[in-house]
Protein chains: 2
Amino acid sequence: MQTLSFTEENYMKIIYRASKLSSPGKTKEVTTNEIAELTDTKPASVSDMLKKLAAKGLINYVKYQGVTLTTDGEAKALLVIRKHRLWEVFLVDKLNFSWDEVHDIAEQLEHVQSDELVRRLDQFLGFPEYDPHGDPIPNEKGEMNSKKKVYLINMKIGDKCDVVGVKDTSPLFLKYLDKIGLTIGAYIEITDKIEFDQSLEIKVNNGRTIIISKEIANNIYTLD
Amino acid sequence: MQTLSFTEENYMKIIYRASKLSSPGKTKEVTTNEIAELTDTKPASVSDMLKKLAAKGLINYVKYQGVTLTTDGEAKALLVIRKHRLWEVFLVDKLNFSWDEVHDIAEQLEHVQSDELVRRLDQFLGFPEYDPHGDPIPNEKGEMNSKKKVYLINMKIGDKCDVVGVKDTSPLFLKYLDKIGLTIGAYIEITDKIEFDQSLEIKVNNGRTIIISKEIANNIYTLD
DNA sequence: GCAAATATTTTAGTTATACTAAAATTTGTA
DNA sequence: TACAAATTTTAGTATAACTAAAATATTTGC
């Protein structure tokens with residue numbers, strides 16, 4: 001199993017991300033210019049690299065037509081993403097970094113080569129399904145949840161979503177949620193956002209309407 | 001604070017190690033040929049690199065006279081060693097690798113750049129003083145235990161000591177030690193030395209008595 | 001003390017990776 | 001179909017690390 005250079009791995013990651021953009025489950029052809037923007041290089045450099053990646057069987061590359069990942073290439077990309085997100089969980093859960101400090105370190109750690117390391121790290125962390133930013137973590141086979149977890153505070157008026165988790169799991173907080181009828185699994189719709197205090201008006205399970213403060217909304221994960 | 005390339009960091013590590021060899025606390029001049037052997041390159045390559053490291057203020061380099069580390073250079077070397085050994089502790093203590101499997105992974109992890117990461121990892125591991133091979137771990141200031149490691153072969157009848165490390169870290173050797181029950185941390189007493197083949201009779205953990213060959217005894221570090 | 005042996009440095013390259021400007025080509029579209 | 005935009009090719013650049021061979025310095029043996 002060939003190992004890729006640091007740069008090649010980054011290209012794979014970027015091509016994967018770009019190919020999944022917009023359309024949720026679908027895969028789209030990624031263009032040279034697009035990759036050049038994302039890697040902050042020139043299209044000429046990208047053409048160069050695409051030839052290399054195609055030669056290694058990682059992308060389907062038809063000149064002037066853009067690229068898609070091969071099965072092999074997608075696996076490679078997902079592994080890098082898996083490693084990045086697992087390390088982020090490690091940094092936040094175990095080393096107590098905050099979620100906005102971990103990206104640069106994870107960018108380095110994701111390139112460490114050892115399948116056994118990844119397997120054991122995953123186990124050590126309890127096989128997490130989401131990273132600290134709410135992004136799903138691929139499992140060893142490359143499978144993952146298809147949606148991103150988002151804090152309720154970030155939803156827009158009219159958005160509909162499921163309540164899937166909380167950041168603060170203290171009994172007090174959970175008890176409060178129970179009291180206002182906002183349990184995990186609830187289906188909600190954001191009906192208004194109050195500018196003044198950033199509180200939200202939401203309709204729960206197509207029924208009752210309640211108001212929650214921005215502090216509460218900032219502790220609730222949703223999935224749309 | 002300049003960051004060094006992967007290769008530069010490895011040179012620093014090797015120069016540090018070679019400069020401390022034989023004489024315990026003392027520092028010796030390290031020669032070009034010596035470094036070439038240790039890095040598995042040619043002397044010409046080493047001369048090249050030495051000029052680079054000297055220009056960065058990391059080594060005292062007088063042509064044809066060998067090199068020593070500057071204060072700055074020693075700090076850099078000690079940081080790499082610190083990171084390597086901390087990651088080894090992580091891999092063994094947290095991810096349950098065995099001590100003969102971790103070297104190659106730690107070789108990669110030691111080059112991740114983030115002082116905060118090292119500080120937090122150290123804390124997470126409980127500020128360990130020795131790595132799984134028994135080598136002392138420098139603290140944030142570069143200080144570490146200087147307790148002299150002595151080859152078991154050099155101990156005298158009646159000496160009691162702790163087994164704290166090995167010279168030969170090959171999986172084969174480590175596996176053999178495990179098999180005969182002579183693990184790091186064991187407390188032993190030398191009960192006899194057999195003249196004929198220079199093998200040793202030792203009592204392990206105040207219990208079982210075993211015989212080990214001079215080859216084995218010449219590969220085991222102890223601390224009294 | 002000096003010549004020979006050894007060690008080291010310099011010279012003049014090589015290889016590999018990744019990048020780029022400019023020219024050439026292809027594609028999509030008006 | 002012609003032109004603009006996108007892409008690829010060409011012909012380089014930069015950097016890092018390495019090397020053989022030649023030149024130079026140091027050490028050693030006599």
Side-chain angles (χ1 to χ4, degrees), chain A residues 2-15 18-19 21-22 28-69 73 76-77 80 107-108 110-113, chain B residues 2-15 18-19 21-22 28-69 73 76-77 80 107-108 110-113:
Chain A
Q2 65 197 329
T3 66
L4 307 184
S5 74
F6 192 98
T7 311
E8 288 169 332
E9 285 197 340
N10 283 333
Y11 267 89
M12 293 307 294
K13 215 172 52 175
I14 275 169
I15 294 170
S19 77
L21 266 195
S22 64
K28 88 174 172 65
E29 302 249 313
V30 184
T31 67
T32 301
N33 269 3
E34 215 175 330
I35 299 170
E37 285 234 340
L38 293 167
T39 52
D40 198 30
T41 60
K42 298 291 180 299
S45 316
V46 175
S47 279
D48 231 33
M49 181 58 90
L50 294 184
K51 266 185 279 184
K52 232 170 75 176
L53 296 176
K56 293 189 175 189
L58 301 171
I59 58 174
N60 303 115
Y61 177 40
V62 182
K63 281 178 198 176
Y64 298 100
Q65 303 294 128
V67 299
T68 57
L69 295 175
K76 281 275 196 308
V80 179
E107 284 288 299
Q108 298 179 67
E110 76 188 9
H111 300 292
V112 172
Q113 303 290 336
Chain B
Q2 68 196 326
T3 65
L4 306 184
S5 74
F6 193 97
T7 311
E8 287 169 332
E9 286 197 338
N10 283 333
Y11 268 88
M12 293 307 294
K13 216 173 48 175
I14 275 168
I15 294 170
S19 77
L21 266 196
S22 64
K28 88 173 172 67
E29 303 247 312
V30 184
T31 66
T32 299
N33 268 5
E34 215 175 330
I35 300 170
E37 284 234 341
L38 292 167
T39 53
D40 200 29
T41 61
K42 296 293 180 297
S45 316
V46 175
S47 280
D48 231 33
M49 181 58 90
L50 293 184
K51 267 185 278 185
K52 232 170 75 175
L53 296 176
K56 293 191 176 188
L58 301 172
I59 58 174
N60 303 116
Y61 176 41
V62 182
K63 283 179 197 173
Y64 297 101
Q65 303 294 128
V67 298
T68 57
L69 296 176
K76 282 277 198 306
V80 179
E107 283 289 298
Q108 299 179 66
E110 75 189 7
H111 300 292
V112 172
Q113 303 291 336

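Both backbone and side-chain heavy atoms feed into the values below; hydrogens, waters and symmetry mates do not. So you know, we letter chains A, B, ... as the sequences are listed, proteins then strands, and number each from 1.
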* **Selection: residues 55-65 of chain B, any non-hydrogen atom under 4.0 Å of DNA chain D** =>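 B:Y64, B:Q65, in order of number.
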
* Heavy-atom closest pair, residues A:L69 and A:A77 ->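 That closest heavy-atom pairing would be CD1-CB, 4.2 Å.
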
* Asked: What is the minimum heavy-atom distance between B:K76 and B:L58, and which atoms define it?
  ->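 So the minimum-distance heavy-atom pair works out to CG-CD2, 3.9 Å.
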
Quick one: does any side-chain atom of [X] pair with a main-chain N or O of [Y] as donor and acceptor, under 3.5 Å?
X: B:E8; Y: B:L53; result: no
X: A:Q65; Y: A:V62; result: no
X: B:E9; Y: B:F6; result: no
X: A:T39; Y: A:I35; result: yes

* To do: Walking along DNA chain C from 5' to 3', note the first and the last nucleotide with an atom under 4.0 Å from a heavy atom of chain B, and give both.
  =>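 It runs C:dA7 to C:dT10.
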
* To do: Answer yes or no: are there more than 12 heavy-atom neighbours, outside A:E37 itself, under 6.0 Å from its atom CD?
  =>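 Not more than 12 within 6.0 Å, no.
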
* Report yes if at least one side-chain N or O of A:T31 is closer than 4.0 Å to OP1 or OP2 of D:dA6; otherwise report no. =>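 So the side-chain polar atoms of A:T31 never come under 4.0 Å of the phosphate oxygens OP1 or OP2 of D:dA6.
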
* Asked: Once you round it to whole Å, what is the distance between C1' of D:dT19 and CG of B:N33?
  ->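 Computing the B:N33:CG to D:dT19:C1' distance gives 15 Å.
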
* What is the distance from OH of B:Y11 to P of D:dA16, rounded to the nearest Å? ->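 So the OH-P distance, B:Y11 to D:dA16, works out to 14 Å.
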
* Asked: Which distance, rounded to the nearest 0.5 Å, do you find between the NZ of A:K56 and the NZ of A:K51?
  ->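 That separation rounds to 15.0 Å.
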
* Can you find a pair of side-chain heavy atoms, one from A:V46 and one from A:Y11, that are under 4.5 Å apart? ->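 SC-SC contact between A:V46 and A:Y11 confirmed.
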
* **Interface residues of residues 43-54 of chain B with DNA chain C (non-hydrogen, below 4.0 angstrom)** =>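 Going residue by residue through residues 43-54 of chain B, the ones with a heavy atom under 4.0 Å of DNA chain C turn out to be B:P43, B:A44, B:S47, B:K51.
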
* Carboxylate-amine/guanidinium proximity below 4.0 Å for B:K13 and B:E107 ->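 Here B:K13 pairs with B:E107 in a salt bridge, since their nearest N and O are under 4.0 Å apart.
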
